[in-house]
Amino acid sequence: MDYAKDNYIGKSATARAKKTKRASYTAQRVYGLDAETQRCGRGAERQAKVSACGDASDGFLKVSFLPKLQANKTVQACGETERMQEDFFASLAELSEHYQIEPMQTGQFEYPYKTALALWDIEEKLKKSVLNCPEIRLLKDGKKTYFISEEKHSTGTTLYYIPIQPLYQMLHDPRHKKNA
């Protein structure tokens, strides 16, 4: 039995492409340059040394930058700034006495900056000297301005929440008394 068919490629609708006899060139001809490139001549004179002062690049390291002034949202500047400054610095003196910290002298600065600078300074000194650093906030209550210092201590224990009200209700319900 001969089940094979004859497939003639030459009579097929999709015939193979004809092979070319040589490859086609992409560029017709490579042209040479008119003249050779000229290089810079070598001389005995060196390049001029032009630079800034020797310590100009690290000069900014010798400058101390004061903290940026941030507007306090709790205390707004008003016409009673002198009274507010007195309260602020009195409260600052009590706070520095309590934690035995020497506050920065800010008398030479103007009003809004000296309060911000004193607050920044006392916070930085508290972080360095006190183990559990308190959280300090400046508040204005009516006509009085003062600091609030909130101290947090770690006891090293874990607290668990036990819901009391559902237990109480289960104890008084006869169906759930055994579960409670």
Side-chain angles (χ1 to χ4, degrees), residues 3 12-14 17 26 47-180:
Y3 295 112
S12 175
T14 56
T26 55
Q47 193 175 22
K49 289 184 178 180
V50 178
S51 65
C53 297
D55 59 344
S57 62
D58 62 347
F60 72 95
L61 296 173
K62 298 176 184 174
V63 178
S64 63
F65 297 99
L66 295 174
K68 191 175 171 181
L69 177 64
Q70 295 177 350
N72 290 335
K73 294 179 182 176
T74 56
V75 178
Q76 303 275 331
C78 59
E80 303 173 348
T81 57
E82 292 176 14
R83 176 72 179 152
M84 189 182 76
Q85 285 182 53
E86 290 173 9
D87 292 343
F88 174 83
F89 286 108
S91 181
L92 182 69
E94 289 178 16
L95 185 72
S96 61
E97 183 181 325
H98 176 71
Y99 290 109
Q100 294 146 0
I101 296 174
E102 184 66 31
M104 178 189 280
Q105 298 299 323
T106 58
Q108 69 269 20
F109 299 110
E110 293 297 319
Y111 155 65
Y113 190 69
K114 72 178 171 181
T115 55
L117 184 61
L119 184 60
W120 171 80
D121 177 59
I122 202 76
E123 285 177 347
E124 290 297 314
K125 288 181 179 176
L126 279 173
K127 285 179 188 175
K128 290 178 184 175
S129 64
V130 180
L131 182 64
N132 293 323
C133 182
E135 187 177 318
I136 296 175
R137 290 181 289 161
L138 181 65
L139 294 176
K140 184 174 182 180
D141 183 27
K143 295 180 181 180
K144 202 88 163 131
T145 304
Y146 54 91
F147 281 110
I148 291 181
S149 171
E150 183 178 330
E151 295 182 11
K152 297 177 183 176
H153 297 282
S154 176
T155 58
T157 59
T158 306
L159 299 175
Y160 294 101
Y161 170 72
I162 300 171
I164 304 290
Q165 187 174 4
L167 284 175
Y168 179 78
Q169 290 173 353
M170 288 173 69
L171 283 171
H172 292 304
D173 188 7
R175 293 178 293 164
H176 302 291
K177 194 167 190 173
K178 288 182 181 180
N179 292 341

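These values consider heavy atoms only, across backbone and side chains, with no hydrogens, waters or symmetry-generated copies.
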Measuring from E94:CD to Y99:OH, what's the distance to the nearest 0.5 Å?
12.5 Å

Straight-line distance of L138 CG to M84 CE, nearest 0.5 Å
7.5 Å

Could you grab the distance from atom CG of L119 to atom CZ of F88, nearest 0.5 Å is fine?
5.5 Å

Exam field: side chain K125 to backbone E102, donor-acceptor pair closer than 3.5 Å:
yes

Could you give the distance from CG (L167) to CG (N179), rounded to the nearest 0.5 Å?
11.0 Å

What closest approach, in Å, do I101 and S129 show between heavy atoms, and which atom pair accounts for it?
CD1-OG, 3.6 Å

Got E150 and R137 here, is their nearest side-chain heavy-atom distance under 4.5 Å?
yes

Inter-residue atom distance L126.CG - I136.CD1, 0.5 Å rounding:
4.5 Å

Considering non-hydrogen atoms only, spot the tightest contact between D121 and M104 and give its length.
OD2-N, 2.9 Å

Close side-chain approach of T115 to L92, heavy-atom, < 4.5 Å:
no

Heavy atoms of other groups near E124 CD, more than 12 under 6.0 Å:
yes

Exam field: side chain S91 to backbone F147, donor-acceptor pair closer than 3.5 Å:
yes

Give, for atom CG of L139 and atom OG1 of T145, the distance between the pair rounded to the nearest 0.5 Å.
9.0 Å

Could you check K114 against Q85 for side chain to side chain contact (heavy atoms under 4.5 Å, CB included), going step by step and ending with a plain yes or no?
CA-CA 9 Å; K114 72 178 171 181; Q85 285 182 53; 2.9 Å; yes

